[in-house]
Amino acid sequence: MAFEGLADRLQSTLQKIRGKGKLTEADVNEMMREIRLALLEADVNFKVVKDFIKRVKERAIGQEILQSLTPGQQVVKIVHDELKQLMGGEQSKIAVASKPPTVIMMVGLQGAGKTTTTGKLANHLRKQLNRKPLLVAADIYRPAAINQLQTLGKQLSLPVFSLGDKVSPVEIAKQAIEKAKEEHQDYVLIDTAGRLHIDEELMQELVDVKEAVKPDEIYLVVDAMTGQDAVNVADNFNEQLDITGVILTKLDGDTRGGAALSIREVTDKPIKFVGMGEKMDALEPFHPERMASRILG
Ligand code: GDP
């Protein structure tokens with residue numbers, strides 16, 4: 001299960017102080033050392049850990065806490081609060097364009113789960129939000145990416161727009177939006193090309209699509225199993241594309257959790273959804289509050 005190590009360590013650290021009637025500054029310092037190590041071991045970004053510890057410590061050694069009758073419980077609450085803030089505080093919703101269709105560009109590196117997630121998101125829009133999405137096959141380089149999206153479309157009974165692999169992604173995206181207007185689809189999900197590594201050509205192509213269609217959302221799909229690499233990828237894509245959100249896949253695996261806890265703080269962009277499996281219904285809106293509760297038990 002994801003976050004298992006982190007959850008165990010944080011829970012046992014907090015357990016030690018939970019029922020304490022009196023808490024000294026030394027107790028708080030000792031606890032902070034343990035939390036810091038637990039976060040670093042969970043592969044949370046070094047600077048994120050440092051700032052997090054500083055914030056918790058400042059609040060935890062405030063006089064009203066040390067002198068309170070239930071200081072342990074209050075410190076647990078502070079850690080919970082700060083974990084929630086670290087992951088963005090409130091749940092972040094999908095944009096709705098003032099004039100349909102709402103255009104969402106899906107970007108990411110190959111293998112992150114972009115095409116699968118495009119299908120899942122379309123399924124979510126239809127099933128949970130009662131919307132009519134159009135899937136757009138604009139990943140013209142990866143062999144089989146177009147087929148993969150068409151297969152997903154068939155499975156979900158949702159339309160897929162494709163012009164094959166000889167037309168530019170910009171042209172595909174533009175024509176898809178026209179088609180969606182004609183057919184009254186209210187969301188357009190563009191599955192763009194991924195590469196094995198970030199390179200200039202990839203970014204330029206994504207920038208070109210962005211400028212041509214002015215998407216309402218740009219979601220970066222990253223693999224939670226890749227830890228700090230996922231955070232670096234997010235930082236890089238965000239710098240060049242000014243993404244609007246992140247979808248973190250493979251959270252059903254045994255990821256230590258570093259990416260989920262670092263991405264918001266490093267990029268200042270929210271995690272919108274998490275992928276919890278390979279099936280089309282395995283996509284969940286990301287709730288910082290629930291995630292913090294899950295980690296702290
Ligand atoms: P793309 O190259 O980024 O388009 O990646 P794909 O969509 O082809 O996905 C790569 C692999 O990751 C596939 O085998 C997917 O089934 C798998 N995958 C995607 N999302 C998840 C997820 O949330 N959990 C799990 N376990 N596997 C996933």
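Whatever order the structure lists them in is the order used to number ligands and atoms, beginning at 1.
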Does [X], backbone or side chain, put an N or O under 3.5 Å from an N or O of ligand 1?
X	answer
Ala282	no
Lys114	yes
Gln110	no

Report task. Locate the shortest heavy-atom distance separating Gly245 from Lys272; write the atom from each residue and the value. Result ->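 It is CA-CG, 4.0 Å.
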Report task. State, to 0.1 Å, how close Thr115 and Asp191 come at their nearest heavy-atom pair, and which atoms those are. Result ->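 Residues Thr115 and Asp191, closest heavy atoms: OG1-OD2, 2.9 Å.
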Identify the closest protein heavy atom to [atom]: which residue and atom is it, and at what distance?
atom	answer
atom 11 (C) of ligand 1	Lys250 NZ, 4.2 Å
atom 8 (O) of ligand 1	Gln148 NE2, 3.1 Å
atom 26 (N) of ligand 1	Asp252 OD2, 2.8 Å
atom 2 (O) of ligand 1	Gly111 N, 2.7 Å
atom 14 (O) of ligand 1	Glu278 OE1, 3.3 Å
atom 22 (C) of ligand 1	Gly277 O, 3.2 Å

Query - Glu90/Lys84 ion pair, N-O < 4.0 Å - result: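 Salt bridge between Glu90 and Lys84, a charged N being under 4.0 Å from a carboxylate O: yes.
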Select one of side chain, backbone, both or neither to describe which atoms of [X] lie under 4.0 Å from any atom of ligand 1, heavy atoms only.
X	answer
Thr116	both
Val274	neither
Met276	backbone
Lys120	side chain

**Report entry** Nearest candidate to atom 19 (C) of ligand 1, where distance is taken over non-hydrogen atoms, out of Gly119, Gly253, Gly113, Ala144
**Finding:**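 Residue with the shortest heavy-atom distance to the ligand atom: Gly113.
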Query raised in the report: Roughly how far, to the nearest 0.5 Å, is CG of Asn45 from NZ of Lys50?
Result: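 It comes to 11.5 Å.
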Report task. State whether Tyr141 and Arg195 meet the cation-pi test: NZ (Lys) or CZ (Arg) under 6.0 Å from the six-membered ring centroid, and within 45° of the perpendicular axis. Result ->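 Yes - Arg195 lies over the ring of Tyr141, closer than 6.0 Å to its centre and within 45° of its axis.
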Query raised in the report: Sub-3.5 Å donor-acceptor pair from the side chain of Lys120 to the main-chain atoms of Gly277, do we have one?
Result: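 Present.
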Query raised in the report: Of Val274, Asp223, Thr255, which meets side-chain contact (heavy atoms from CB on, under 4.5 Å) against Lys250?
Result: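 Testing each of Val274, Asp223, Thr255 against Lys250, the sole residue satisfying side-chain contact (heavy atoms from CB on, under 4.5 Å) is Asp223.
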